[in-house]
Amino acid sequence: MRVKLRKVKDQLQQRVHLPISEQGRLLATVMRGYLNYYAVPKNMDGVAAFRTQVTWLWFKALRRRSQRNCLNWTRMNRIATKWLPSSRLVHPFSNVRFDATTRGKESSAVIPYAGICAGGRSKGRSLPRSKK
């Protein structure tokens, strides 16, 4: 996370004089990518911390744009809410993801058991072992 935050800080320093909307689109893309990779069930504190740190870095970059800054945290929270996606769970637990239910039987699921095993042997019978 530190490496990604350092890259975000460098990008913000390069784009400090761009409009807030362009900076917001850039940071929203970064946040969506981070969420798509790291937003798993037991990592939500880390994802929320990443969003907080990105907001803090953006706040510092916007305050450096002028000597007469009028940016306070109330306004910054409105900007961050508008442009940055919220830290939410993207990938639920696997038992929730794979717990699909169907209304009826699928045609492929009704194929009867044929009793054929890979390798040509039938189930339950084994070939005698050779002596070494």
Side-chain angles (χ1 to χ4, degrees):
M1 183 166 70
R2 278 186 269 156
V3 173
K4 191 63 176 176
L5 287 171
R6 195 169 295 127
K7 288 180 183 179
V8 168
K9 181 180 178 181
D10 293 340
Q11 292 293 322
L12 283 172
Q13 286 175 352
Q14 291 174 3
R15 294 170 169 83
V16 70
H17 294 295
L18 290 178
I20 291 177
S21 60
E22 289 185 31
Q23 290 181 5
R25 272 182 285 207
L26 168 79
L27 292 175
T29 304
V30 170
M31 280 296 301
R32 276 192 303 272
Y34 195 85
L35 285 172
N36 287 338
Y37 192 81
Y38 290 105
V40 294
K42 294 187 178 185
N43 194 28
M44 290 313 297
D45 291 338
V47 172
F50 182 77
R51 185 182 190 275
T52 303
Q53 291 300 316
V54 168
T55 306
W56 176 254
L57 290 173
W58 197 14
F59 176 72
K60 288 187 351 184
L62 290 177
R63 285 185 64 113
R64 291 186 61 89
R65 286 168 33 141
S66 124
Q67 293 175 350
R68 299 180 311 154
N69 63 47
C70 58
L71 184 66
N72 54 16
W73 273 106
T74 306
R75 184 166 177 236
M76 186 63 210
N77 283 332
R78 278 188 279 139
I79 292 170
T81 303
K82 180 179 180 179
W83 291 106
L84 297 180
S86 62
S87 53
R88 58 181 167 66
L89 186 66
V90 175
H91 305 288
F93 281 110
S94 60
N95 63 346
V96 175
R97 281 187 307 187
F98 300 125
D99 191 22
T101 57
T102 58
R103 293 181 64 185
K105 291 185 177 181
E106 298 175 5
S107 60
S108 63
V110 188
I111 299 173
Y113 176 68
I116 299 173
C117 240
R121 288 186 270 165
S122 64
K123 228 176 187 177
R125 292 188 339 187
S126 62
L127 296 176
R129 291 186 165 179
S130 61
K131 294 183 180 180
K132 292 184 180 180

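If you're wondering where the values come from, they're calculated on a predicted model, not measured in any experiment.
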Student: Do Tyr34 and Met1 have side chains that approach each other closer than 4.5 Å (heavy atoms only, starting at C-beta)?
Tutor: yes

Student: Membership question, hydrophobic clusters at under 4.5 Å side-chain separation (ILVMFWY): are Leu5 and Tyr37 in the same one?
Tutor: yes

Student: Check for me, please, whether Ile20 and Leu26 land in the same ILVMFWY cluster - side-chain distances under 4.5 Å, paths through other members count.
Tutor: no

Student: Are Trp73 and Ile79 joined in one hydrophobic group, where the rule is that I, L, V, M, F, W and Y side chains link up if heavy atoms are under 4.5 Å apart?
Tutor: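 Yes, Trp73 connects to Ile79 through the hydrophobic network.
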
Student: Within the structure provided, determine whether Trp83 and Thr55 are in side-chain contact (heavy-atom separation under 4.5 Å).
Tutor: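 Heavy-atom side-chain distance check fails, nothing below 4.5 Å.
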
Student: Grab the two heavy atoms, one from Ser87 and one from Val47, that are nearest each other, plus how far apart they are.
Tutor: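 For Ser87 and Val47, the tightest heavy-atom pair comes out as CB-CG1, 3.6 Å.
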
Student: Is Arg63 reaching over with its side chain to a backbone N or O of Asn69, donor-acceptor style, under 3.5 angstrom?
Tutor: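 No; judged by distance alone, with no hydrogens or angles, the pair does not exist.
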
Student: So Val90 and Arg88, side chain to side chain contact (heavy atoms under 4.5 Å, CB included) or not? Walk me through it.
Tutor: CA-CA 6 Å; Val90 175; Arg88 58 181 167 66; 3.2 Å; yes

Student: For a quick test of reading the model, state the closest non-hydrogen atom pair linking Met44 to Leu89 and the distance between them.
Tutor: CE-N, 3.6 Å

Student: Rounded to the nearest 0.5 Å, how far apart are CE of Met76 and OG1 of Thr81?
Tutor: 9.0 Å

Student: Might you confirm whether atom CZ of Arg15 has over 12 heavy atoms from other residues, nucleotides or ligands at distances under 6.0 Å?
Tutor: yes

Student: How many angstroms lie between CZ in Arg6 and CG in Leu57, if you round to the nearest 0.5 Å?
Tutor: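 The distance works out to 11.0 Å.
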
Student: Let me confirm one number: the NZ-CD distance from Lys4 to Gln11, rounded to the nearest 0.5 Å.
Tutor: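 Result: 8.5 Å between the selected atoms.
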
Student: Yes or no on side chain to side chain contact (heavy atoms under 4.5 Å, CB included) for Lys82 and Arg78, after CA distance, side-chain angles and deciding distance?
Tutor: CA-CA 6 Å; Lys82 180 179 180 179; Arg78 278 188 279 139; over 6 Å; no

Student: Near Asp45 CG, under 6.0 Å, is it more than 12 heavy atoms from other residues, nucleotides or ligands?
Tutor: no

Student: Once rounded to the nearest 0.5 Å, what's the spacing between atom CG of Leu62 and atom CZ of Arg64?
Tutor: 12.0 Å

Student: Establish whether Val16 and Leu84 are linked, either directly or via other cluster members, by ILVMFWY side-chain heavy-atom contacts under 4.5 Å.
Tutor: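 Cluster IDs for Val16 and Leu84 differ.
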
Student: Using atom types as modelled and distance alone, determine if a side-chain donor or acceptor of His91 lies under 3.5 Å from a backbone N or O of Asn36.
Tutor: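 It does hold such a pair.
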
Student: Hey, does the side chain of Arg75 reach the backbone of Cys70 with a donor-acceptor pair shorter than 3.5 angstrom?
Tutor: no

Student: Look at the side-chain heavy atoms of Ile, Leu, Val, Met, Phe, Trp and Tyr, link any pair under 4.5 Å apart, and say whether Leu18 and Val54 land in one connected group.
Tutor: no

Student: For a 4.5 angstrom cut-off between non-hydrogen side-chain atoms, does Leu71 reach Arg65?
Tutor: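 Contact flag for Leu71/Arg65 side chains = no.
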
Student: How far apart are the closest heavy atoms of Pro85 and Ala28, and which atoms are they?
Tutor: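 That would be CD-CA, 4.0 Å.
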
